[in-house]
Amino acid sequence: MKNEQYLVKCPERIRFGDPMYFERFSEEELAELVIDYSPPASFKARVVLSESEAEELPGYMDRSLTIYMAPEHTIDIYAKGYMFDIQKRSDKPISVDTARYLLKVDDTYKLLLTGADGYWGNLRELTHDQNGKEVLDAMIITACIPECMNFPDMERLVSYLFQDVRLLPGLEENKGPLMKLE
């Protein structure tokens, strides 16, 4: 298993989904199909690249690019795969129907050819209740990387899409009132 974590400038806006959806559907319909997200100005960002052999398909590599956006004092917790036990989690799968997806970070974009339709990503929101009001704690966007791309291709993609990219050293395991995100 290979993982790399990057500190990046938090994007002002991220769009992720089938480009056909962006062209053909209304804003209301798009809300169910794609990610079009502008994080709060107080959020910071991390990008984690992952590669591991698929358990069910020996020789095939699962690759993903995950963008973590959260306040600076908690972002490392989420990037390590944890959440607080008081938080609620909601997930929104991202699918494609044209065997490709658009990943746009601010004004820079990349069209990735997937080779297949279906599920190619996920948007996860972590929230907590504060005096009856739901408070957003983190947004986590995961894009599955097509088989035609290798790890160096993913590294170049991060440098191309994001600004102020810095490779971070590995982080220690979390301790305390946390639970796994999965």
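The shown structure was predicted, so the numbers you read here are calculated from the model rather than taken from an experiment.
Checked for salt-bridge contact, D76 and R46 meet the test: a charged N lies under 4.0 Å from a carboxylate O. For the pair D91 and R89, the salt-bridge criterion is met [side-chain N within less than 4.0 Å of a carboxylate O]. Comment: R13 engages D36 in a salt bridge, judged by a side-chain N to carboxylate O separation of less than 4.0 angstrom.
Of all heavy-atom pairs spanning M139 and F43, the tightest one is N-CE2, 4.3 Å. Contact detail for T142 and S64: the closest heavy-atom pair is CG2-CB, 4.1 Å. When all heavy atoms are compared, the tightest approach of E147 to R63 is O-NH1, 3.8 Å. Between M69 and A45, the shortest heavy-atom distance links the atoms CG-CB, 4.1 Å. Closest of all the heavy-atom pairs between L30 and Y21 is CD2-O, 3.2 Å. The shortest non-hydrogen separation linking T114 to R100 is OG1-N, 3.5 Å.
Considering only heavy atoms from C-beta on, F25 stays 4.5 Å or farther from E32 through its side chain. For the pair R124 and S90, the minimum side-chain heavy-atom distance is 4.5 Å or more. Two residues are said to be in side-chain contact when any heavy atoms from C-beta on lie closer than 4.5 Å; D97 and M20 meet this criterion. Proximity of L111 to P19: side-chain heavy atoms (C-beta onward) are separated by under 4.5 Å at one or more points. The side-chain heavy atoms of D164 and V8, taken from C-beta on, include no pair separated by under 4.5 Å. For the pair I35 and R15, the minimum side-chain heavy-atom distance is 4.5 Å or more.
Summarising the geometry, atom OG1 belonging to T98 is positioned 3.0 Å from atom CG belonging to D18; distances are rounded to the nearest 0.5 Å. Interatomic distance, CG of N150 versus CD of E155, reported as 8.5 Å (0.5 Å rounding). Rounded to the nearest 0.5 Å, atoms CZ (F22) and CG (L102) are 5.5 Å apart. Taking NZ from K9 and CG from L7, the interatomic distance works out to 12.5 Å, rounded to the nearest 0.5 Å. With rounding to the nearest 0.5 Å, the separation of CD1 in I140 from CG in L126 is 4.5 Å. Put simply, CD1 on I86 and NE2 on H128 are 5.5 Å apart, with the number rounded to the nearest 0.5 Å.
With no hydrogens or angles considered, no side-chain donor-acceptor pair links Y68 and Q5 at under 3.5 Å. A donor atom on one side chain and an acceptor atom on the other are found under 3.5 Å apart for S50 and N3. For the residue pair D137 / T127, no side-chain donor-acceptor distance below 3.5 Å is found, with atom types taken as modelled.
Under the 4.5 Å side-chain heavy-atom criterion for ILVMFWY residues, a single connected hydrophobic cluster contains both I67 and F151. Residues M149 and L65 share a hydrophobic cluster, clusters being chains of Ile/Leu/Val/Met/Phe/Trp/Tyr side chains in contact below 4.5 Å. Criterion: ILVMFWY side-chain heavy atoms under 4.5 Å apart, direct or through other members. Under it, V47 and L112 are part of a common hydrophobic cluster. Under a hydrophobic-cluster definition in which Ile, Leu, Val, Met, Phe, Trp and Tyr are linked whenever side-chain heavy atoms come within less than 4.5 Å, directly or via other members, L167 and L157 are assigned to the same cluster. Connection of L103 to Y160 is established within a shared hydrophobic cluster, with ILVMFWY side chains joined at heavy-atom distances below 4.5 Å, either directly or through further cluster members.
Ring orientation note: the planes of F84 and Y78 are nearly perpendicular, at an angle over 60° on the 30°/60° scale.
For E53, the CD atom sits in a packed shell: over 12 heavy atoms of surrounding residues, nucleotides or ligands are nearer than 6.0 Å. The number of heavy-atom neighbours closer than 6.0 Å to CD of E72, taken from other residues, nucleotides and ligands shown, is 12 or below. Within a 6.0 Å sphere centred on OH of Y119, heavy atoms belonging to other residues, nucleotides or ligands number more than 12.
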**Report entry** side-chain contact (heavy atoms from CB on, under 4.5 Å) between K88 and E134, intermediate numbers included
**Finding:** CA-CA 9 Å; K88 292 181 254 172; E134 189 172 76; 3.9 Å; yes
Query - Worked verdict on F16 versus I94 for side-chain contact (heavy atoms from CB on, under 4.5 Å) - result: CA-CA 8 Å; F16 172 43; I94 303 301; 4.1 Å; yes
Query - Derivation of the side-chain contact (heavy atoms from CB on, under 4.5 Å) call for I141 and N122 - result: CA-CA 6 Å; I141 298 170; N122 188 63; over 6 Å; no
Report task. Apply side-chain hydrogen bond (donor to acceptor under 3.5 Å, both in side chains) to D62 and S52, showing your working. Result -> CA-CA 5 Å; D62 282 328; S52 62; 5.0 Å; no
Report task. Show your reasoning for whether ring pair (Phe, Tyr, Trp, His ring centres under 6.0 Å) applies to Y6 and F162. Result -> CA-CA 10 Å; Y6 299 87; F162 295 91; 9.0 Å; no
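With hydrogens and angles disregarded, no donor-acceptor distance shorter than 3.5 Å links the side chain of K104 to the backbone of L161. The backbone N or O of E12 lies less than 3.5 Å from a partner atom in the side chain of D106, making a donor-acceptor pair. A donor-acceptor pair is defined here as one N or O able to donate and one able to accept, closer than 3.5 Å; no such pair exists between the side chain of K44 and the backbone of H73.
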